[in-house]
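Report on the following structure.
Just so you know, these numbers use all the heavy atoms, side chains as well, and skip hydrogens, waters and symmetry mates. The chains referred to below are lettered A, B, ... by the order of the sequence lines, with proteins before strands, and numbering in each begins at 1.
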Protein chains: 2
Amino acid sequence: MALAVKGQKLPGGNLLGVSDDLRALPLRERKKLRTRRTLAETALRLFTERGYDATTLDDLCDAVEVSKRTFFRNYRSKEDVALASDSDLWSTYLDHVAALKLDGPLLAVLRTALDTTLGAMDPDWDRRFLATRELSDGVPALQAHSLGYCHDTTGAIVRTVTERSGADVDGVRLRLTVEIFVAAWHTASLHWTAQGGRGGRDGLTKLVEETFAKIPDALTCSA
Amino acid sequence: MALAVKGQKLPGGNLLGVSDDLRALPLRERKKLRTRRTLAETALRLFTERGYDATTLDDLCDAVEVSKRTFFRNYRSKEDVALASDSDLWSTYLDHVAALKLDGPLLAVLRTALDTTLGAMDPDWDRRFLATRELSDGVPALQAHSLGYCHDTTGAIVRTVTERSGADVDGVRLRLTVEIFVAAWHTASLHWTAQGGRGGRDGLTKLVEETFAKIPDALTCSA
DNA sequence: GGGGACAGTGCCACTGAGTGGCATTAGCTG
DNA sequence: CAGCTAATGCCACTCAGTGGCACTGTCCCC
């Protein structure tokens, strides 16, 4: 993985999500972009159809007609290409957090940033993300890798916020806040996936909202 | 990984942590146990001394004088043997949760179970756990794998609690509670590791307590 | 106490992920 | 058109992880 949130530092952060009117790029770049995207799309399809373990990278490379070497110039690992939609989400999210004014309760700010991030994703992102989640459910290696993304993002958020609001904040409390944010996100996205992605990103946004609303109750409720 | 919390279903759950007066076992079992423990100890030492990536399983097997095949009969993967102390912790924790009466606020119950679990670990566990955490810091694959353990444990707790308190609980709220518990644990253990494991398990227990106390504040604090 | 039964082990060959090196191609630039 | 360079393809390699089979040290029962 190696702190994959910032992703492979290829041209620019989020290469799949952004709906490209990128006809305006040098041909070489365009080609590379297309290869990268085709790899992710084909991978998701093959993994879903035939199973993750049953699909080798050679299979994928055959299907896309690139060499394995080229695959690894585009993605760090087999897990990485399967989790492209995760990477898209978190890299976009980080951008949003970095460009935000930090007033009011931090937890609310983080949630707001998530709302706008979800709204800003590529139209096709919902579908890809759902497929990715369903795939990850059955593949521990993907689960773990995906959690790794979240964890890296958590660290990055803490760093960003610390830089921007001075060193006078309680580091532990800050970390705790961000971890709780991630906890709520996990809960919400799990719920959304269990419902088969009902309502697309709007449904997901709604579940996020509801989940955050339940936090106070969750702290005090009995079993 | 494959839901490694319950670990390899070898003889019995936690094989390293429990302080053995296990001279009372059949010889065969004892031998196997010793091999298993030696593997974990040697692995942790080699990984720390030479680096995780720089140490191959062949190196480890040479040092312990077993075949690679035998290694894989004891541990699922290279990550698994490095994270033996994590596995010990969570499998013990699950036992404690399963044997607990569920009265009062769930979050407090989970925290109490953590206290008693930490107290019940092998005398050597502190050192191993700290070494494991420091190792994981520099190795993304271990980070991810470790998060996977937590995640599996989260699921197991939710299942256990659901079974024992009837189906009338709000599944999402329950999940959220457990996720928040894990969030606090992550924060506390990170802090403990950053302090070089100061105070051993008692220090860790204290940090856990302090971190939980900060939760209400973390929900409302501003950046 | 001797002799099967069998769990646990060693050995060997194999697959598949991931890397390094070098020659080749294809897009950019003057 | 010619030269430059980024991107690719190809080949050989390491290492994690698996399957199969022969072997051996324990256990257990007579």
Would you say that more than 12 heavy atoms from the other residues, nucleotides or ligands in this model lie under 6.0 Å from the CD of B/Glu49, or not? yes
Could you state the CG-P distance from A/Asp53 to D/dT18, rounded to the nearest angstrom? 10 Å
Residue pair B/Val66, B/Leu60: steps toward the side-chain contact (heavy atoms from CB on, under 4.5 Å) verdict: CA-CA 9 Å; B/Val66 295; B/Leu60 174 59; over 6 Å; no
Starting at NZ of B/Lys78 and ending at P of C/dG16, how long is that distance when rounded to a whole Å? 21 Å
Whole Å only: how far is the CG atom of A/Asp59 from the C1' atom of C/dA17? 13 Å
Check whether any side-chain nitrogen or oxygen of B/Thr70 sits under 4.0 Å from OP1 or OP2 of C/dG10, and answer yes or no. yes
Is B/Lys68 close enough to C/dC11 that one of its side-chain N or O atoms is under 4.0 Å from OP1 or OP2 there? no
Minimum-distance nucleotide to A/Glu79 side chain [options: D/dT26, D/dG20, C/dG18]: C/dG18
Can A/Arg128 and A/Asp122 be counted as an ion pair, charged N to O under 4.0 angstrom? no
Expressed in angstrom and rounded to an integer, what is the separation of B/Tyr75 atom OH from C/dT9 atom P? 12 Å
How many Å lie between CG on B/Leu57 and P on D/dT14, as a whole number? 16 Å
Going by modelled atom types, is there a donor-acceptor pair between the base of C/dG27 and the side chain of A/Arg30 at under 3.5 Å? no
Could you please name the option among C/dT9, C/dG16, C/dG10 that lies closest to any side-chain atom of B/Ser67? C/dG10
B/Arg111 with B/Asp115: basic N within carboxylate O range, under 4.0 Å: yes
Candidates C/dG18, C/dG8, D/dG17 - which lies nearest the side chain of B/Lys32: C/dG8
Please report the distance, rounded to the nearest Å, between CG in B/Asn74 and P in C/dG10. 10 Å
Checking D/dA16, C/dG18, D/dG20 against the side chain of A/Ser77 (C-beta onward), the nearest is C/dG18
Between the side-chain atoms of B/Arg69 and the base atoms of D/dG19, is any donor-acceptor pair under 3.5 Å? yes
B/Tyr52 vs B/Phe47 aromatic rings, parallel, tilted or perpendicular, using cut-offs 30° and 60°? perpendicular
Rounded off to whole Å, could you give me the CD-to-P distance for the A/Glu65 and D/dC10 pair? 11 Å
Give the rounded distance in Å between these two atoms: CG of A/Leu39 and C1' of D/dA7. 14 Å
